[in-house]
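One structure is given here, and the rest of the page talks about it.
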Amino acid sequence: RICIRWFIIRTTSIKIKTILKQTAIYLKDVISAIQYLHEKLIAHRDIKPENILIGMNCVAKICDLGWSAIILTSRKTYCGTFDYVPPEIL
């Protein structure tokens with residue numbers, strides 16, 4: 001019994017570490033994409049999980065640039081998905 005419990009805990013621990021490593025890679029890809037957009041003076045304005053795609057080669061990509069805008073001056077308008085609004089905007 002003890003051996004089985006140890007195996008389950010060990011297996012779960014390895015799976016969690018693998019998931020965390022893969023999540024970090026996806027996050028790096030998303031941050032890199034946002035950084036690229038900002039270098040081009042583009043604001044996505046609707047980043048949410050539904051707008052992040054994972055490609056065949058395990059690369060995260062941002063999609064749905066429908067709310068994006070070229071930012072030359074500061075903006076005071078709100079757009080995006082209400083469910084993902086940060087508290088400081090409300």
Side-chain angles (χ1 to χ4, degrees):
R1 264 179 129 172
I2 293 172
C3 186
I4 292 173
R5 285 185 185 164
W6 178 85
F7 178 76
I8 291 171
I9 290 170
R10 176 103 172 113
T11 305
T12 305
S13 173
I14 291 169
K15 286 180 183 177
I16 289 172
K17 287 179 184 176
T18 305
I19 290 169
L20 289 176
K21 284 180 184 177
Q22 193 61 46
T23 302
I25 292 169
Y26 293 150
L27 186 59
K28 181 184 87 51
D29 292 341
V30 170
I31 290 170
S32 177
I34 293 170
Q35 196 171 29
Y36 176 79
L37 289 173
H38 287 185
E39 287 171 3
K40 302 295 181 187
L41 299 176
I42 298 171
H44 188 282
R45 303 192 313 169
D46 195 23
I47 299 289
K48 58 185 175 182
E50 291 87 354
N51 290 341
I52 299 171
L53 305 176
I54 308 299
M56 296 272 298
N57 53 356
C58 294
V59 175
K61 299 180 180 195
I62 296 176
C63 68
D64 192 8
L65 294 163
W67 283 109
S68 64
I70 297 174
I71 305 297
L72 299 175
T73 60
S74 72
R75 291 180 172 246
K76 303 290 183 200
T77 58
Y78 166 76
C79 60
T81 306
F82 187 74
D83 293 340
Y84 297 100
V85 175
E88 61 269 16
I89 299 295
L90 298 175

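Rounding to the nearest 0.5 Å gives a distance of 6.0 Å between CZ of R45 and CD1 of I71. Considering CG of L65 and CG of N51, their distance stands at 8.5 Å, rounded to 0.5 Å. The CD1 atom of I25 sits 4.5 Å away from atom CD of Q22, with the distance rounded to the nearest 0.5 Å.
For the pair H44 (side chain) and D64 (backbone), a donor-acceptor distance under 3.5 Å is present. In terms of modelled atom types and a separation under 3.5 Å, the side chain of D46 and the main chain of S68 share no donor-acceptor contact. Side-chain N or O atoms of T23 include one that pairs as donor or acceptor with a backbone N or O of I19 at under 3.5 Å.
Residues passing the side chain to side chain donor-acceptor pair (under 3.5 Å) test with K48, sequence neighbours excluded: T81.
The hydrophobic cluster containing I34 also contains I52, counting ILVMFWY residues as joined when their side-chain heavy atoms lie under 4.5 angstrom apart, directly or transitively.
Inter-residue side-chain proximity for E50 and C63 is flagged as unmet; no heavy-atom pair is nearer than 4.5 Å. Put simply, the side chain of L72 reaches to within 4.5 Å of the side chain of I70, judged on heavy atoms.
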**Request:** Show your working on side-chain contact (heavy atoms from CB on, under 4.5 Å) between L37 and K40 and close with a plain yes or no.
**Result:** CA-CA 5 Å; L37 289 173; K40 302 295 181 187; 5.9 Å; no
**Request:** Show the numbers, then the answer: is there a side-chain contact (heavy atoms from CB on, under 4.5 Å) between L27 and D29?
**Result:** CA-CA 5 Å; L27 186 59; D29 292 341; over 6 Å; no
**Request:** Starting from the C-alpha separation in whole Å, work towards a yes-or-no answer on side-chain contact (heavy atoms from CB on, under 4.5 Å) for Y26 and I54.
**Result:** CA-CA 8 Å; Y26 293 150; I54 308 299; 3.5 Å; yes
